[in-house]
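This is a predicted model, so every value here is computed, not measured.
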Amino acid sequence: MEILEAFDLTGCAYSAGQLAGCDPKTVQRYVALRDGGGNPFQRAARPKLIDVFLPKVEELVDRSRAKIRADKVHERLVTMGFTGTERTTRRAVQAAKVAWRAGNRRVYRPWVAEPGLWLQFDWGDGPRVAGRRTSLFCAWLAWSRFRIVIPTWDQTLGTLVACLDATLRRLGGAPAYLLGDNAKTVTVEHVAGVAVRHPQIVAAGRHYGLTVATCEPFDPESKGGVEATVKIAKADLVPTSANLHGNYASFAELVAACEAWCEKVNARPHRETSVAPAERLAVERGLLHPLPADPHTAALGEERLVNEDQTVRFGSVRYSTPPGHIGERAWCRVVGEHLAITAMTATGVTEIARHRLSTPGNPSILDEHYPHHPNLGNGPKPPRPKPRTTAEAAFLELGPGAHDWLVEAAATGATRVRAKMARAVELATILDADRVDHALGLAAAAGRFGEHDLASILDHLATAGDPADVVRADETFSAQPGTSSWKQYGA
C-alpha cells in the first residue's frame with residue numbers, strides 16, 4: 001500500500017520508488033496489477049508438475065467422496081508418468097478434498113423443538129465394575145434439555161423397557177415421540193429401507209402412550225442431542241486419563257455417581273437457553289401425557305412376590321433381594337447366565353438384584369442383602385444378652401465388655417456368675433465404669449472368670465497400664481551384635 005500511495009502522490013514510478021524504498025520497476029508492476037483488477041497481495045501461481053494431473057486428482061477425490069489417501073493417489077499418478085514427489089501430491093489432494101467438502105458440506109437446519117413432543121435415548125459404554133462391563137442409558141428431553149443417565153449391566157430389551165419406565169417416571173409424564181437408534185431391541189430389520197419395529201417395544205410404547213421412532217441407519221447426527229449427552233456423560237463418569245476418575249468399588253457407587261451427575265447438569269443453566277433444564281422441565285411437565293400406574297411388564301419377565309425372607313422363587317430356586325421389598329411384586333428375567341430381578345421403586349422400575357443362575361436345592365443368597373444379620377451361614381448364633389432384672393440391667397449397662405464377659409463366662413461354664421456380676425457393679429461405683437468395662441473385656445478375651453480375676457486385672461491396669469501399650473520385642477530390630485565380624489574367620 002505504501003508503493004501505491006506513493007505513486008498516487010507523485011504520479012511517477014521513479015519518484016514513488018524513491019519514496020517507498022524500492023525499484024521503479026516494482027512500482028510499475030504493482031500499478032499495472034492494480035489497474036488490471038488483480039490482487040496485489042496475491043502471488044501469481046507458478047506452474048507445477050502436477051498441474052497436468054489435477055483433473056485426475058479431482059476425479060479420484062470425487063469418486064471416493066474425499067476418502068482416498070494421498071499415497072494411493074500418488075501411486076496412480078506415478079503409473080501415469082508423474083515424476084514429482086509425494087509431498088506435491090499430498091498438497092494437491094488436500095486442496096482437492098477441501099474444495100470437494102466445501103461443495104458437498106452437509107447443511108443442518110436449526111431444529112426448534114416443541115415442548116412435550118420428543119424424547120431421545122441412546123446407549124454408551126460405561127466403566128468396568130468388579131471386572132464386568134456396564135452400559136449407560138442416556139435420555140434427553142428435547143425442549144427442556146433435561147438429561148437422565150442410568151447405569152445398567154446390559155442392553156437387553158427388558159433392561160431398555162425398565163430404563164424407559166424409570167426415565168418417564170422421573171420426568172413425570174410421557175412425550176408424544178420416542179427417538180432412538182436402530183438396535184435390535186427397537187428395529188428388527190429393514191425392508192426396502194423401511195424399519196420394522198420390534199413388537200415388544202411397540203407394545204411398550206402403546207402402554208405409555210408414545211410413538212417409537214428411529215433415526216436414519218448409520219446416521220447418529222440425526223439425534224445429536226442425546227449423542228452429546230452420551231459424550232458428556234462418558235467424559236465425566238467413565239474413568240479416563242483425562243478426568244483422573246478412580247474406579248468404582250461397586251455398582252451402587254456408580255448409580256450414586258450417575259444420580260449426582262444428573263442433578264448437577266440439570267441444575268445449571270444450559271448454554272442454548274440460559275435456563276436450567278430443571279426449570280424448563282417444570283413447564284414442559286404440564287404438556288406430557290400421564291403415566292399408567294403399573295409398568296409395562298411384558299418384557300420385564302415373570303412376576304413374583306417377595307417373601308418374608310426377602311427372596312423370590314424362580315425355577316424352584318430361591319434368590320435374595322435387598323431390604324424394603326417384602327410383600328411387593330418383582331419381575332424376574334433370564335439374561336444370559338444371570339437372573340435379573342426388577343421391582344417398582346420411587347424412580348420407576350429398577351433392577352434391584354442380579355444373581356448367577358442356580359439349580360434347585362442351591363439357593364442364591366447374597367450377604368449384602370441382609371445387613372442386619374452379621375452372623376450368616378449355618379453356624380450357631382451367639383446369644384444376645386437381654387436384662388430381665390435390675391441387677392442384670394446394671395451390669396450390662398457397663399458396656400460391650402460386660403456383654404462379652406457374660407457370653408464367654410456362660411459358654412465356659414463359670415460358677416457364681418451373678419455374684420461376680422454384682423461385684424463388677426460394686427467396683428464400677430468405686431472406680432470408673434469405663435475402666436471396669438475394659439477390664440471385663442480383657443477378662444473375656446483371656447478366659448479369666450475366677451473369683452478375684454477382675455480385681456487382679458484392674459490392679460494390673462492401674463500399675464502397668466493397658467496391655468495394648470506394651471511394646472513387644474520382635475526380630476525386626478535387635479541390639480544383639482551380628483556375626484559379620486566372623487566372616488573372615490578361618491579364611
Rounded distance (nearest 0.5 Å) linking atom CZ of Phe121 with atom CZ of Phe137: 6.0 Å
Return the set of residues passing side chain to side chain donor-acceptor pair (under 3.5 Å) with Thr359 (not counting sequence neighbours), or none when no residue passes. Asn362
I would like to know whether Val57 and Val73 meet side-chain contact (heavy atoms from CB on, under 4.5 Å); could you show each step before the answer? CA-CA 7 Å; Val57 173; Val73 175; 4.1 Å; yes
For the residue pair Val78 and Glu75, establish whether any side-chain heavy-atom pair is separated by less than 4.5 Å. no
State, to 0.1 Å, how close Cys332 and Val312 come at their nearest heavy-atom pair, and which atoms those are. SG-CG2, 4.0 Å
Apply the side-chain hydrogen bond (donor to acceptor under 3.5 Å, both in side chains) test between Ser144 and each candidate in Arg280, Glu279, Arg285, Glu284; give the one that qualifies. Glu284
Consider only side-chain N and O atoms of Gln310 and Ser320, and report whether a donor and an acceptor are under 3.5 Å apart. no
Contacts of Arg170 meeting salt bridge (charged side-chain N to carboxylate O under 4.0 Å, His left out) (sequence neighbours excluded), chain-then-number -> none
Under the salt bridge (charged side-chain N to carboxylate O under 4.0 Å, His left out) rule, collect the residues that match up with Glu328, sequence neighbours excluded. none
With the side chain counted from C-beta on, respond yes when Leu281 and Leu141 share a heavy-atom pair under 4.5 Å apart, and no when they do not. yes
Pair Arg169, Thr350: side-chain N/O donor-acceptor within cut-off below 3.5 Å: no
Non-hydrogen atoms of Pro175 and Leu168 that approach each other most closely: CD-CD2, 3.8 Å
Does any part of the side chain of Leu136, heavy atoms only, come nearer than 4.5 Å to the side chain of Ile150, both counted from C-beta? no
With sequence neighbours left out, write down each residue that passes salt bridge (charged side-chain N to carboxylate O under 4.0 Å, His left out) with Glu351, or none if nothing qualifies. Arg354
Any idea how His74 and Phe82 line up, ring-wise: parallel (<30°), tilted (30 to 60°), or perpendicular (>60°)? perpendicular
Is Asp165 close to His296 at the side-chain level, that is, under 4.5 Å between some pair of heavy atoms? no
Interatomic distance, Ile341 atom CD1 to Arg333 atom CZ [nearest 0.5 angstrom]: 10.5 Å
Residues that Tyr208 engages under ring-ring contact (aromatic ring centres under 6.0 Å, His included), provided they are two or more places apart: none
Side chain to side chain donor-acceptor pair (under 3.5 Å) filter on Thr211, not counting sequence neighbours, yields none
Shortest non-hydrogen contact between Glu272 and Arg145, atoms and distance: CG-NH2, 3.6 Å
Smallest separation among heavy atoms of Thr89 and Ile50, with atom names: CA-CD1, 3.9 Å
Can you name the side chain to side chain donor-acceptor pair (under 3.5 Å) partners of Asp51, sequence neighbours left out? none
Just to verify, what does Arg90 make a salt bridge (charged side-chain N to carboxylate O under 4.0 Å, His left out) with, not counting sequence neighbours? Glu86
Side chains of Asp309 and Arg318: does their closest heavy-atom pair fall under 4.5 Å? yes
Partners meeting ring-ring contact (aromatic ring centres under 6.0 Å, His included) with Trp331 (sequence neighbours left out): none
Between Val93 and Leu60, does the side-chain contact (heavy atoms from CB on, under 4.5 Å) criterion hold? Intermediate values first, please. CA-CA 9 Å; Val93 171; Leu60 295 175; over 6 Å; no
Between the main-chain N or O of Gln155 and the side-chain N or O of Thr159, is there a donor-acceptor pair closer than 3.5 Å? no
For Ala444, is there any backbone N or O sitting under 3.5 Å from a side-chain donor or acceptor partner on Asp404? no
Set of residues satisfying side chain to side chain donor-acceptor pair (under 3.5 Å) with respect to Thr152, sequence neighbours excluded: none
Taking the side chain as C-beta and beyond, is there a heavy-atom pair between Arg147 and Cys262 under 4.5 Å? no
Are there more than 12 heavy atoms of other residues, nucleotides or ligands under 6.0 Å from atom OH of Tyr177? no
When rounded to the nearest 0.5 angstrom, what distance separates CG in Leu291 from CG in Leu171? 8.5 Å
Rounded to the nearest 0.5 Å, what separation is found between the CH2 atom of Trp143 and the CG atom of Leu117? 11.5 Å
Taking it one step at a time, do Leu160 and Trp123 satisfy side-chain contact (heavy atoms from CB on, under 4.5 Å)? CA-CA 10 Å; Leu160 173 60; Trp123 294 96; 4.0 Å; yes
Does Lys184 reach the main-chain N or O of Val188 with its side chain, forming a donor-acceptor pair under 3.5 Å? yes
Note: Val407 and Pro383 closest approach over all heavy atoms is CG2-O, 3.8 Å
Separation between CG of Leu254 and OG1 of Thr134, rounded to the nearest 0.5 Å: 5.5 Å
Under 3.5 Å donor-acceptor, Lys67 side chain and Val61 backbone: no
So, Glu302 and Arg304, do they make that salt bridge, N to O below 4.0 Å? yes
Just checking Arg384: does its CZ atom have more than 12 heavy atoms from other residues, nucleotides or ligands closer to it than 6.0 angstrom? no
Check whether any side-chain heavy atom of Leu210 sits under 4.5 Å from a side-chain heavy atom of His289, and report yes or no. no
Find out whether Phe146 and Trp140 are in side-chain contact, i.e. whether some heavy atom of one side chain is under 4.5 Å from a heavy atom of the other. no
How long is the gap from OG on Ser135 to CG on Asp154, to the nearest 0.5 Å? 7.0 Å
Closest approach of Thr214 to Thr187 (non-hydrogen atoms, all atoms of both residues): CG2-OG1, 3.4 Å
Report yes or no: does Arg69 contribute a side-chain atom to a donor-acceptor pair with the main-chain N or O of Lys72 at less than 3.5 Å? no
Please check if any side-chain donor atom of Ser358 sits under 3.5 Å from a side-chain acceptor atom of Ser364, or the reverse. no
Please test His338 against His355 for side-chain contact (heavy atoms from CB on, under 4.5 Å), starting from the C-alpha separation and ending with a verdict. CA-CA 5 Å; His338 296 82; His355 297 262; over 6 Å; no
His325: which residues meet the ring-ring contact (aromatic ring centres under 6.0 Å, His included) condition with it, sequence neighbours left out? none
Side-chain polar contacts of residues 392-401 - donor-acceptor pairs under 3.5 angstrom, sequence neighbours left out - could you list them?
from	atom 1	to	atom 2	distance (Å)
Glu392	OE1	Arg388	N	2.8
Glu392	OE2	Arg418	NH1	3.2

